[in-house]
Amino acid sequence: MARLFDLNPQQLEAVTTTQGPVLILAGAGTGKTRVITMRITYLLHEGISPDAILAVTFTNKAANEMRERVGTMVERPKAKRLTICTFHALCVRILRQDIERLGYKTNFAIYDEGDQLGLIRKIISRISAKNEKLDAQLARNLISRAKNQHWKLAESATNNSLLAAVFERYQEELKAANAVDFDDLLILTVRLLETNPAVTNKWQERFQYLMIDEFQDTNRLQLELVRYLGRQHRNVCVVGDDDQSIYGWRGAEIANILEFEAHFADPKIIKLEQNYRSSNAILGLANSIIRHNPRRRPKALWSEKGVGQNVKIVAVPNDREEANYVVSELQKQQLEVAGSWKRFAIIFRMNAQSRLFEEQLRRLQIPYRIIGGRSFFERREVKDLLAYLAGLANPNDDLNLLRIINTPARGIGATTIDLAVAESNQAKTSIFATLQSSGFQELLSAKTGTAVRAFIELIDRYETQIHQPLVELASIAAALLEEIRYPEELRRSCKTPEEALNREENVRELVRTLADYQRRSTEGLSGFLAEVALDQEREEETDTDKDGVTLITFHAAKGLEFPHVFLIGLEEGILPHDRSKLEGNLDEERRLFYVGITRAMQTLTITHCANRNKYGGSIPCHPSSFLKDLDPQYVEVINYHQLANQPASEGTARSHFAKIRELLG
DNA sequence: CGGTCTATAATTTTT
DNA sequence: TTATAGACCG
């Protein structure tokens with residue numbers, strides 16, 4: 001453990017306090033990840049078995065990172081036996097063993113948001129009367145919230161009977177399809193532990209040392225899960241920062257970290273306040289803003305670095321000028337330090353704000369990357385193939401069956417499908433079972449009947465194949481795609497040949513992913529589908545080595561750092577957002593601002609507009625009320641008009657320099 | 001079924 | 001302004 005003396009006293013205490021509950025309040029940039037990984041290493045060094053250690057994160061990215069970093073400090077065989085995963089992956093593991101006690105089969109499918117939405121849409125269209133309307137998206141959100149808060153069906157029924165009916169039906173259909181959604185993973189795991197002491201005991205004995213990252217983001221169920229797992233040994237170490245709790249709207253309970261003592265009595269509380277990221281001007285500013293939140297665990301970040309440059313606050317006339325100013329300022333700074341574009345980030349409250357900045361960056365030919373685009377797995381072609389695979393894994397999964405039944409078109413039209421759905425509802429069987437029944441087939445025309453039988457034969461044949469021992473799933477998938485002439489379908493349905501080619505490549509990519517999966521796992525198709533559902537890697541994150549200015553929301557920026565940061569649109573109504581003010585979440589908005597500020601290492605620039613184009617017209621804007629809370633000692637207010645009146649050519653001249661520089665190599 | 005038109009709404013999005 | 005969802009028609 002040679003590296004222990006690299007740690008500051010608080011970090012050291014956090015690493016070496018292994019027994020009993022521990023709450024590590026890790027401020028932004030205080031070396032949190034390092035502490036967690038060192039702590040795991042230290043536990044192993046103390047002779048704790050790696051099998052007994054569980055580290056839980058929120059994202060797969062965080063889990064992978066942690067695994068990697070521990071891997072550099074611990075011998076491989078030991079490292080491999082550690083459990084480092086997300087809450088949801090942990091739940092899958094627990095449920096795969098014992099979910100039968102709750103009446104599900106162990107090969108349950110996991111529905112992602114798209115699947116949920118599809119199912120809910122289907123249910124709404126089926127059971128709502130003509131005069132009733134219910135937005136599927138809204139229904140999904142309400143159902144999810146209800147599930148997370150342990151609401152009983154009856155309670156939600158008091159408000160909206162259609163919603164309650166949809167909710168009830170939704171749960172029934174999930175169960176019938178042997179499927180669970182993300183919320184169910186947690187709910188069912190907690191229920192399993194609640195009702196089966198033997199199971200609880202098994203896992204309590206297995207994981208004697210728990211570590212939970214980003215504890216401020218845990219919801220009610222996640223806390224309950226931790227309580228069950230940690231009850232026996234009480235070696236529960238949670239790490240987080242209440243000041244960075246920005247997911248309350250999504251069910252995160254900041255109370256979990258604020259009232260940790262209520263769940264695990266007499267914890268050791270350790271505050272990490274020494275920051276290794278930012279200048280003291282930036283930290284001073286951050287401290288001055290977050291101080292205004294009433295409910296928090298008091299702490300103040302400090303650094304051994306110097307004060308650094310003051311933070312610039314710039315008022316600009318309108319949003320176009322804002323983009324103009326920020327991008328030319330950014331270009332200027334880049335030129336001065338001759339660093340890479342990666343060092344810069346533009347952070348905004350709403351994705352819509354990024355557009356003008358994109359345009360401006362493109363105009364000046366500055367590379368950029370936007371974080372938070374569409375997931376690879378949300379693409380139509382990828383969903384199609386996944387639906388086929390899920391349909392083969394379980395033909396009784398109606399949702400996936402409906403997706404593939406006439407894709408590509410094979411003569412089973414809407415009328416036939418409606419009939420099958422109606423029949424299956426009556427007979428209370430799956431759609432696939434309905435299709436197979438001779439009673440149903442008799443209702444069809446000769447032509448349709450043939451099409452239906454061909455479809456059944458196709459599914460049956462491939463279903464048999466994937467269940468053979470030692471099969472190569474990827475080659476079966478490839479054969480299936482070939483047989484249904486999927487590439488032709490893509491070419492037919494795409495506007496341009498390039499698009500078709502691109503989509504085809506996506507499909508191939510998925511097949512390769514499947515092959516990779518089978519090379520490293522024995523879990524088979526349902527394991528693959530679960531992994532895909534739980535790890536919907538966003539595409540832009542795969543090419544991280546590409547240079548470019550980062551355009552990112554305040555939310556997505558949490559956990560990241562950049563030498564030079566621009567926080568844009570700091571206006572009343574944007575940050576804090578009007579909707580949040582309406583809902584009384586001002587504190588969370590302030591934390592969001594705090595998160596943004598603490599991303600910056602060296603320089604920070606904050607802008608706000610006097611006018612902004614919104615919904616067509618130009619409307620006046622006021623500076624965010626947060627700005628007046630900033631400690632003026634660290635602030636430099638820039639007069640934009642003075643800047644603008646300076647030889648307007650400065651920016652232009654700089655870019656000419658840039659060109660010349662480029663020419664010189 | 002698929003393309004075009006029109007009405008409507010307008011945060012944030014780890015799994 | 002703009003994106004998107006549902007309606008509507010060929």
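Below, chains carry the letters A, B, ... as their sequence lines are ordered, and counting in each starts from 1. Because the structure is predicted, anything quoted here is derived from the model rather than measured.
- In this structure, A/Ser521 contributes its side chain and A/Tyr517 its backbone to no donor-acceptor pair below 3.5 Å.
- If you measure from atom CG of A/Asp213 to atom P of B/dT15, you get 13 Å, rounded to the nearest angstrom.
- Using P as the reference atom, C/dT4 and B/dT13 are 15 Å apart when rounded to the nearest Å.
- Among the protein residues, A/Phe554 comes within range of no part of the nucleic acid, since none of its heavy atoms lies under 4.0 Å from any strand.
- Between A/Asn60 and the phosphate of B/dT14, there is no side-chain N or O to OP1/OP2 separation shorter than 4.0 Å.
- Applying the ring-ring contact (aromatic ring centres under 6.0 Å, His included) test between A/Phe87 and each of A/Phe182, A/Phe215, A/Phe58 identifies A/Phe58 as the sole match.
- Whole-Å rounding puts the A/Gln353 CD to C/dT2 C1' distance at 15 Å.
- Considering only heavy atoms from C-beta on, A/Glu571 stays 4.5 Å or farther from A/His622 through its side chain.
- Of the C1' atoms belonging to B/dT12 and C/dA5, the separation is 22 Å, rounded to the nearest Å.
- Formation of a donor-acceptor pair under 3.5 Å by the A/Arg591 side chain with backbone atoms of A/Ser245 is found in this model.
- Each of A/Phe58 and A/Ile246 was matched to the nucleotide of DNA chain B holding its nearest heavy atom; the match closer to the 5' end belongs to A/Ile246.
- One can place NZ of A/Lys614 at 14 Å from C1' of C/dT2, the figure rounded to the nearest angstrom.
- Among the atoms of the strands shown, only primed sugar atoms or phosphate atoms (P, OP1, OP2) are found under 4.0 Å from some heavy atom of A/Arg355.
- Rounded to whole Å, atom P of B/dT14 lies 20 Å from atom CG of A/Asp241.
- In this structure, A/His292 has its ring center at least 6.0 angstrom away from the ring center of A/Phe626.
- The CD-C1' distance, from A/Glu214 to B/dT13, rounds to 15 Å in whole Å.
- In this structure, the side chains of A/Phe348 and A/Leu567 stay at 4.5 Å or more apart for every pair of heavy atoms.
- Set against B/dT15, B/dC1, B/dT13, the side chain of A/Asn406 has B/dC1 as its closest nucleotide.
- Remark: the backbone N or O of A/Thr33 is paired with a side-chain donor or acceptor of A/Thr37 at under 3.5 angstrom.
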Do any N or O atoms of the protein come closer than 3.5 Å to N or O atoms of nucleotides 9-11 of chain B, and which pairs are they?
from	atom 1	to	atom 2	distance (Å)
B/dT11	O4'	A/His577	NE2	3.4
B/dT11	O2	A/Arg349	NH1	3.0
B/dT11	O2	A/Arg349	NH2	2.3
B/dT11	O4	A/Glu583	OE1	3.4

Mind running side-chain contact (heavy atoms from CB on, under 4.5 Å) on A/Ile417 and A/Leu402 for me, showing each step along the way? CA-CA 8 Å; A/Ile417 293 171; A/Leu402 286 175; 3.6 Å; yes
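- One interatomic measurement links the two molecules: CG of A/Leu356 to P of C/dT1, which rounds to 13 Å at whole-angstrom precision.
- Between the CG atom of A/Leu592 and the C1' atom of B/dT13 there is a distance of 12 Å, given to the nearest Å.
- Put simply, A/Thr57 has no side-chain N or O that comes within less than 4.0 Å of OP1 or OP2 on B/dT14.
- On the C1' atoms, B/dT14 is 25 Å away from C/dA3, given to the nearest whole Å.
- When heavy atoms are screened at a 4.0 angstrom cut-off, A/Asp183 is found touching no nucleic acid atom at all.
- Following rounding to the nearest Å, A/Lys61 (NZ) and B/dT13 (P) show an atom-to-atom distance of 14 Å.
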